[in-house]
Structure formats: C-alpha cells, structure tokens
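Shown next, in structure tokens, is the structure this report addresses.
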Amino acid sequence: MSAARKHVVVFRKIPDDLLGRIAERHDVTVADPRRADELPRFRDALHGACGLIGSSYKLGASELREANSLRVISSISVGVDNYELPFLKQRGITLCHTAGVLTETTADTVFALVMATSRRLVELSNHVREGRWTRNIGEDLFGWDVHGKTLGVLGFGRIGQAVARRAALGFDMPVIFHDPFDVTLPAALAGRAQRASFDEVLARADIVALTLPLCDETRGLMDAGAFSAMKPGAIFVNGSRGAIVREDALLAALDSDHLRAAGLDVFAVEPLAHDSPLRNHPKVTALPHIGSATHETRRAMAELATDNLLRVLDGATPVAAFDLSTI
Ligand code: DGY
C-alpha cells in the first residue's frame, strides 16, 4: 500500500463526505470542465493528475495527452463511451466504472418506459392535468396491454437481464434477446428467455428494449433498415445511449405509423435540443437521461467510484474495472 499523497481531479460533483475521504489521502482539485469558467483549471490540473473521478464529460486522447502521471480514471457511470479506450489501454491507464450498483434502478427506468409508452401514461396524465377529462375516455385513448406481449432485448448484459426478469416474472412476457457475446442465462430466466438473432428479435418482438453499450459496432445500429424490420405497431424503448439510434430513422418510423410509440431516456445529443422533433412528438415519451437517477443509486455509484479510485491509487485491485484487454 502506497501512502504518498497524489493529485486527484474531481470533475463531477460528489457528496462532501466522499470528497473528504479522497482529500484525507490525496491533494484534490475540483473542477467541472463542462463549465467554461472551470475548464482552464481542469486542463491545468490534468498535467499532474494521478487520478480522475467524475462523469458526463467526453475525455478524449487530445485532452489527456499531457496527463503523463495519470494512472486511473474512475467514472461515475457504467457506460464508458466518454473515453478513448485504445488510448487508455496503450497508456496503461486503469478505467473503473460503476457496473453492478445501478443495474436494478436502470432496469426500473426501462420498464417504466415500457409501461408509459404502452399504456400512454404521460399523454393520459396530461389529459387529466389539462382539464380534458370531461367524459369517459373513448377508444382513441385506449392503450396496449403489456402483459403477454413479446419483449425483445437487444444487449443481454446485467441491465438487459434485469429488464427481462421484470418482463418474464412480473408481466408474463415471453422474452427473446440478442447479444453479440456468450450469455449464461440466469436461473430465473431459464425457459422464459430465448436467444435469437438481431433480425429475429426485430421481426418477432412487440416491444424492443435497447440495452447495448455504445461502441463502434453499435453506433447507428438502429437505422432505417432496423426500424422497418420491426413488427408493424411495435414499440421501441432506449435506455442505453442515443447514438445507437439514427433519430431521423426513428422519427420516420413513428411518423409513418410503422411504430406505435417510442420511449427514450437517452438521445444522440444531450440535453435534447430545444428544436428536436423528438421533444414534442405525440408518440414519444422522453426522459432526461434518468436511468440511474435515484438518491440511493447515485449515492451508491459515487461511493463505488470513490472506492475504485482510492484502491487503484493504493496499488490495490479496484472493485469494478472495465476490461480494456477486450478492445
Ligand atoms: C451510466 O451509468 O452509464 C449512465 O447512463 C449515466 O451516464
């Protein structure tokens, strides 16, 4: 265990007690690079930094090139698409993330979008709120059953499996899934979830939930061809990353009535542009990237990221490191 103080840059707000834990052991610069007034201090601090902890900022090779002492980036996220993985690998920088602690919360969000889109919850809540509930609703406002529908899950990692459990065990939904990697089916899903090709999932699912990570292979994967391969009247839900979806193609599929609805927690550009057609689209339920955003889970993520950072700086194995040997 190395006791020498090192320099840590905290680039996203973390709870004071966790900041205190880091500051007890290391010299800390707190600077949020998304704020123009803090960006120069952030860049300056990178020069001597051994560790970085934060999230929601694209940290590319050009910015890290001068960070010659950098040993660890501890991301307060499970997704690692904000980092240039080949660069980190080549430099021997450990990349930690918060896999595990946000699985169930993010699956809750994805399933909430399944419910909201199928049963038109936001639209009908607005119907009441805006004083339009003046007589019993008619067929034009009826929804679509969720129970018994076939759920297609694209990406069957931790979150995809947790969504599948909710669907299969709670809503009696047959589940089909596609994942590019080998998957060991958890006992709870034995006999309830079936592996299928990407095309088969699109063709057979009533509701497609996207839980794949963003990488070169998945960027733009949901394009015009993929949407037109979905069942007519199906629903599309995205709880992973917006850039996996060609938003123009999704809009076309909604506007042509090929798709019934879309539930989106993530967008190609976030926050969603004021003039994005997805913002007010009648068939879209849009959320502001809240997958893991509960008090309990955000706290757990910040704690895990702090543990990861301190462990690597101590020369110990982090609790959750992204495996850079796979790239
Ligand atoms: C994650 O943990 O990757 C969330 O989507 C936040 O970015």
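Computed from a prediction, not measured in an experiment: that's the story for all the values here. Order of appearance sets the numbers: ligands from 1, and atoms from 1 within every ligand.
H7 and T29 share a donor-acceptor pair across their side chains, judged by distance under 3.5 Å alone. Side-chain contact, R12 with S56: a donor N or O sits under 3.5 Å from an acceptor N or O. In this structure, a donor-acceptor pair under 3.5 Å is absent between the side chains of N68 and H47. Defined by atom type and a distance below 3.5 Å, a donor-acceptor pair is present between the side-chain atoms of D323 and S325.
Listed by number with element, the atoms of ligand 1 under 4.0 Å from a non-hydrogen atom of H289 are 4 (C), 5 (O), 6 (C), 7 (O). Within ligand 1, counting atoms from 1 as listed, the ones closer than 4.0 Å to a heavy atom of L102 are 2 (O).
When every heavy atom of A188 is checked against every heavy atom of L169, the shortest pair comes out as O-CD2, 3.7 Å.
Heavy atoms of T106 found under 4.0 angstrom from ligand 1: none, in either backbone or side chain.
The shortest N or O to N or O distance between R241 and ligand 1 is under 3.5 Å. Considering backbone and side-chain N/O of V78, one or more are found under 3.5 Å from N/O of ligand 1.
Contact analysis leaves H97 out of contact with ligand 1, as no non-hydrogen atom separation drops below 4.0 angstrom.
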